[in-house]
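Keep in mind that the numbers below use all heavy atoms, side chains included, and drop hydrogens, waters and symmetry copies.
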Amino acid sequence: MQIGLLIQQTGPAGIWSPSAEACARLAVSEINRHSGILKQHVELVVQDAGTSATDAHAATRRALRHGAHGIVGMLPSYARRAVADAAMNAVPFIYTPQYEGTAAEAQTITTGETAAELLAPGLHWLSEHRKAQSYFLCGSDYVWPRASLSIARAMIPRFGGKVVGEAFTPVGTDTYDGLIERIKRARPDVVLPYFLGTDGISFNRSFHEAGLCPRVLRFTSAIDETIVYGLPPEATENLFVSSGYFASVRSHNNGAFLERYHTAYGETPPPVNSFGQSCYEGIYSLASLVEQAEAFDARRVHRLAGRTEQQRTARGLKSKAVVGGRQPIFLARLDGYDFKVMTV
């Protein structure tokens with residue numbers, strides 16, 4: 001049987017494709033060593049989801065024509081509905097990355113953290129420990145950054161703060177001079193940057209080159225190990241990140257996962273990160289739901305989400321995780337390229 005993995009191999013989100021594919025292939029190899037799914041060998045079919053919703057729809061149709069029994073997708077929110085529509089409830093669809101948290105399509109099973117879950121711990125900590133009061137919101141111009149920052153806008157007053165500016169740039173922007181000038185004029189205590197993939201590298205490089213890192217805090221959930229490696233270490237000063245997963249988290253689940261990952265790929269594989277790792281859990285989520293349903297039946301599988309344990313997880317502190325269940329959120333401070341986990 002086949003599972004289709006939909007990832008963007010080009011465009012700003014393409015930065016995550018090597019780790020996403022590596023993590024998904026690791027999960028499939030582990031599952032096959034334990035009798036596969038429904039006692040059948042699993043083959044992973046990777047499809048490039050392109051850079052648009054239209055591309056993602058076409059990739060889904062290709063996966064189905066190749067015989068995919070289920071779809072795991074790690075791609076931007078603007079493509080999620082297109083994948084769900086293309087799958088048409090013919091096969092289960094697992095959507096793995098963090099997302100804005102508004103109601104997803106009825107035929108989509110989400111396993112990632114929501115914006116509200118990710119934003120609240122950081123905003124609270126910045127208020128309590130850094131006395132932050134003014135915030136500038138910015139990001140790529142599509143549904144995930146816009147919806148996430150709308151949630152941030154509503155939360156910030158609860159922690160005694162106010163929004164002093166907001167701006168969005170087209171996906172693929174590589175020049176941020178105008179935005180940097182707006183931030184300078186607004187003089188915020190904190191910037192919340194929500195840029196997609198390599199756009200996050202471009203923005204944070206510009207932020208550093210403008211000399212803002214020592215003077216202005218940044219907080220986001222849109223930065224991970226892969227993006228940080230694209231920055232000079234000085235560009236991570238005063239940068240805080242929230243996530244359900246960091247490679248530096250010390251836990252039994254993560255330790256076992258990292259051991260298996262490096263055993264499979266050696267000492268210099270694609271860097272482990274939350275977006276890539278979500279594909280590992282997406283494969284296990286689909287496998288567990290199908291085993292419980294005893295069929296690749298989309299409607300039956302969907303009804304089991306939220307009450308079915310997945311066989312393995314890298315996240316959280318419990319040995320078993322429920323598919324679609326909530327996981328602990330970690331807040332980390334960047335120290336060069338190291339994520340120093342501060343809170344659970």
Side-chain angles (χ1 to χ4, degrees), residues 76-77 97-104 110-169 179-180 182-196 200 203-204 207 212-224 227 236-246 249 274-275 306 315-317 324-334 339-344:
S77 289
Q98 61 171 281
Y99 72 114
E100 57 277 6
T102 52
T110 58
T111 58
E113 304 85 6
T114 68
E117 291 169 335
L118 291 163
L119 285 164
L123 294 175
H124 179 261
W125 189 91
L126 289 167
S127 171
E128 288 290 312
H129 296 274
R130 292 301 182 93
K131 309 304 179 187
Q133 294 183 325
S134 58
Y135 295 79
F136 193 104
L137 317 181
C138 55
S140 300
D141 192 4
Y142 73 98
V143 59
W144 172 53
R146 280 194 172 273
S148 297
L149 292 177
S150 176
I151 292 168
R153 178 180 282 276
M155 279 188 177
I156 285 167
R158 301 178 204 167
F159 299 107
K162 63 179 180 179
V163 175
V164 296
E166 187 170 6
F168 296 92
T169 60
L179 175 55
I180 295 297
R182 287 187 60 182
I183 292 171
K184 286 180 176 178
R185 289 196 298 271
R187 301 179 67 183
D189 297 325
V190 185
V191 171
L192 268 62
Y194 270 73
F195 294 93
L196 178 64
F203 170 79
N204 284 287
F207 194 88
L212 292 174
C213 294
R215 299 187 284 121
V216 183
L217 306 174
R218 282 164 293 162
F219 165 57
T220 185
S221 64
I223 287 177
D224 68 345
I227 292 174
T236 67
E237 183 179 3
N238 283 322
L239 177 55
F240 299 85
V241 180
S242 61
S243 181
Y245 178 84
F246 293 109
V249 168
S274 61
F275 292 95
R315 288 185 297 169
L317 307 176
R326 309 333 298 158
Q327 296 280 9
I329 302 298
F330 301 94
L331 180 65
R333 174 184 58 83
L334 266 295
F339 287 82
K340 302 292 188 181
V341 176
M342 298 157 49
T343 61
V344 179

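A donor-acceptor contact under 3.5 angstrom links the side chains of Gln98 and Ser221, judged on distance only.
For the residue pair Ser127 and Phe159, the shortest heavy atom distance occurs at OG-O, 2.9 Å. The two residues Leu192 and Tyr135 make their nearest non-hydrogen contact at CD1-CD2, 3.6 Å. Nearest heavy-atom pair across Tyr99 and Gly112 is CE2-O, 3.9 Å. Scanning all heavy atoms of the two residues, the minimum distance from Ser243 to Leu118 falls at CA-CD2, 3.6 Å. Nearest heavy atoms, Leu331 versus Phe219: CD1-CE1, 3.9 Å. Taking each heavy atom of Val191 and Cys138 in turn, the nearest pair found is CG1-SG, 3.8 Å.
Taking 4.5 Å as the limit, some side-chain heavy atom of Ile183 sits within range of a side-chain heavy atom of Pro188. A 4.5 Å side-chain heavy-atom check between Val216 and Phe136 finds every atom pair outside the cut-off. Between Leu196 and Tyr142 the shortest side-chain heavy-atom distance falls below 4.5 Å.
With hydrogens and angles ignored, the 3.5 Å screen pairs no side-chain donor or acceptor of Ser148 with any backbone N or O of Ala115. Here the side chain of Ser77 pairs no donor or acceptor atom with the backbone of Val143 at under 3.5 angstrom. In this structure, the side chain of Asp224 engages the main chain of Ile227 through a donor-acceptor pair within 3.5 Å. Arg218 places a side-chain N or O within 3.5 Å of a backbone atom of Glu237 that can act as its donor or acceptor partner.
To the nearest 0.5 Å, the span separating OG1 on Thr220 from CG on Leu239 amounts to 8.0 Å. To the nearest 0.5 Å, atoms CD (Gln327) and OG1 (Thr111) are separated by 9.5 Å. Put simply, CD1 on Ile223 and CG on Asn204 are 4.0 Å apart, with the number rounded to the nearest 0.5 Å. Rounded to the nearest 0.5 angstrom, Leu179 CG and Phe195 CZ are separated by 5.0 Å. Rounded to the nearest 0.5 Å, atoms CZ (Phe330) and OG (Ser274) are 12.0 Å apart. In this structure, CD1 on Ile156 lies 5.0 Å from CG on Leu137, to the nearest 0.5 angstrom.
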Between Ser140 and Tyr194, does the side-chain contact (heavy atoms from CB on, under 4.5 Å) criterion hold? Intermediate values first, please. CA-CA 6 Å; Ser140 300; Tyr194 270 73; over 6 Å; no
Take Trp125 and Phe240, measure what ring pair (Phe, Tyr, Trp, His ring centres under 6.0 Å) needs, and give me the verdict at the end. CA-CA 10 Å; Trp125 189 91; Phe240 299 85; 5.2 Å; yes
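Each salt bridge (charged side-chain N to carboxylate O under 4.0 Å, His left out) pair with one or both residues in residues 140-157, not counting sequence neighbours, appears once here: Asp141-Arg146, Arg153-Glu166. Screening residues 113-137 for salt bridge (charged side-chain N to carboxylate O under 4.0 Å, His left out), with sequence neighbours left out, gives Glu113-Arg315, Glu117-Arg326. Applying the salt bridge (charged side-chain N to carboxylate O under 4.0 Å, His left out) test to residues at least two apart or on different chains, the pairs with a partner in residues 183-195 are Glu181-Lys184.
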